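Reading through the structure tokens given below for one structure.
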2 protein chains.
Amino acid sequence: MSTGDAAVALSTPVTVEEHETCPATGVLRRVGEKWGVLVLSLLDARPYGFNELDRAIQGLSRRVLTRTLRTLERDGLISRTVHPGRPPRVEYALTDLGRSFREPLLMLGRWAVDHETEIRAARARFDGGV
Amino acid sequence: MSTGDAAVALSTPVTVEEHETCPATGVLRRVGEKWGVLVLSLLDARPYGFNELDRAIQGLSRRVLTRTLRTLERDGLISRTVHPGRPPRVEYALTDLGRSFREPLLMLGRWAVDHETEIRAARARFDGGV
DNA sequence: CCGCATCCGAATGGATACTG
DNA sequence: CAGTATCCATTCGGATGCGG
């Protein structure tokens, strides 16, 4: 269950330091960001322009979309290509690294769908008090 | 790449509503929480008491540990069993659902470790400006 | 031993207006 | 078209003290 975490060494206490330098922790937190995976899933189909993404995801502000794209770009999961012209066009696309991320993400999604009922039931039980 | 998201239907715009009711979104965000997966990985080895977990994870405050445990319990990933006595003992352990979550999480961890170098390189490139 | 209550600072998410 | 600049709301993470 350690996901390659420093916590593999379960015998010894885990420090904040170890937890934060662990490569898996960063990935897990990236996955937890609200719109990142959704953007990746759109780009998995084909490249998109900025406003195109903005329109595709109803309710996401440009401010947040920009930050999301920058983060994904910084991690090397997507590429940003500027095509000069009138009007200018910037194209976002998955990189090889981004594509390689697809599989583990799909596994997680599959698990979520497969166990959706159980999770809902657990929550209802918990919230119901009992 | 959709991870079972409502975004599977890529042809149509994704609304905030669809995104938030998607079962995968909740799982992804749970994974992104700072300490949840670490706690799961500890409990994967054996059951723990509350203070035992507190000691095992150096630097995590009780306040946050409590919230983390409640969240995991609410989703049915861990169980909380009270053993009366002096002193009282509460035991946290993985449920079957929690154990089933292990595999997809390991995949993600494996990916993180396998691509750690690429990610670091991409970040250095991005931060360096170029 | 196991927590909850309180209070706080930081990070995240969001609405809007304006610019090259 | 593709953003940036501002400002605000919410959530998350954390420190600490008290109580069953």
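We name chains A, B, ... by the order of the sequence lines, and we start the count at 1 in each one. Worth saying up front: this structure is predicted, and the values here are computed from it rather than measured.
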Among all residues two or more places apart in sequence or in another chain, which pass the side-chain hydrogen bond (donor to acceptor under 3.5 Å, both in side chains) test with A/Asp114? none

Provide, to the nearest angstrom, the distance between the CH2 atom belonging to A/Trp35 and the P atom belonging to D/dT11. 14 Å

Using atom types as modelled and distance alone, determine if a side-chain donor or acceptor of A/Thr95 lies under 3.5 Å from a backbone N or O of A/Leu77. yes

Taking any heavy-atom pair under 4.0 Å as a contact, classify A/Thr66: base, sugar-phosphate, or nothing. base

Roughly, in whole Å, what's the span from CZ in B/Arg30 to P in D/dG13? 11 Å

Within the structure, does a side-chain N or O atom of A/Arg89 lie under 4.0 Å from either OP1 or OP2 of D/dG3? no

Return the 5'-most residue of the pair B/Phe50, A/Gly32 with respect to DNA chain C, ranking by each residue's nearest nucleotide. B/Phe50

Within residues 53-63 of chain B, residues whose heavy atoms come under 4.0 Å of DNA chain C: B/Arg55, B/Arg62, B/Arg63

Nearest whole angstrom, please: distance from the P of C/dT12 to the CD of A/Glu33. 7 Å

Please tell me if A/Arg67 has a side-chain N or O lying less than 4.0 Å from either OP1 or OP2 of C/dG13. yes

All pairs passing ring pair (Phe, Tyr, Trp, His ring centres under 6.0 Å) where residues 72-115 of chain A contributes a residue, at least two apart: A/Phe101-B/Trp111, A/Trp111-A/His115, A/Trp111-B/Phe101

Provide, to the nearest angstrom, the distance between the CG atom belonging to B/Leu28 and the P atom belonging to C/dG13. 13 Å

Pull out every residue in residues 79-88 of chain B that has a heavy atom closer than 4.0 Å to any atom of DNA chain C, ordered by number, or say none. B/Arg80, B/Pro87, B/Pro88

Tell me: CG of A/Leu65 to P of D/dG3, nearest whole Å? 9 Å

Using heavy-atom distances to pick each residue's nearest nucleotide on DNA chain D, tell me which of A/Val16 and A/Glu52 is more 5'. A/Glu52

Within the structure shown, what part of the strands sits under 4.0 Å from A/Val90 by heavy-atom distance: base, sugar-phosphate, or nothing? sugar-phosphate

Tightest non-hydrogen contact, residues B/Pro104 and A/Leu108, listed as CB-CD1, 3.6 Å

Looking only at D/dG14, C/dG3, D/dG3, the nucleotide nearest the B/Lys34 side chain is D/dG14

Value in whole Å for how far the C1' atom of C/dA10 lies from CD of A/Glu20: 13 Å

Do any pairs count as a side chain to side chain donor-acceptor pair (under 3.5 Å) and have a residue in residues 50-68 of chain A, sequence neighbours left out, and if so which ones? A/Arg46-A/Glu52

Taking NZ, NE, NH1 and NH2 as the nitrogens, is one of them in A/Glu103 or B/Arg110 under 4.0 Å from a carboxylate oxygen of the other? no

Report the nucleotide, chosen from D/dG3, C/dC1, C/dG3, that has the shortest atom-to-atom distance to any side-chain atom of B/Tyr92. C/dG3

May I have the distance from A/Leu72 (atom CG) to C/dT12 (atom C1'), rounded to whole angstrom? 15 Å

Which atoms form the tightest heavy-atom contact between B/Ala112 and A/Pro23, and what is the distance? CB-O, 4.0 Å

Set of residues satisfying side-chain hydrogen bond (donor to acceptor under 3.5 Å, both in side chains) with respect to A/Arg89, sequence neighbours excluded: none

State plainly whether the residues A/Arg120 and A/Glu116 are in salt-bridge range, i.e. N to O under 4.0 Å. yes

Atom NE2 of A/His19 to atom P of D/dG13: distance rounded to whole Å? 10 Å

Nearest heavy-atom contact between A/Glu33 and B/Arg29 is C-NH1, 3.9 Å

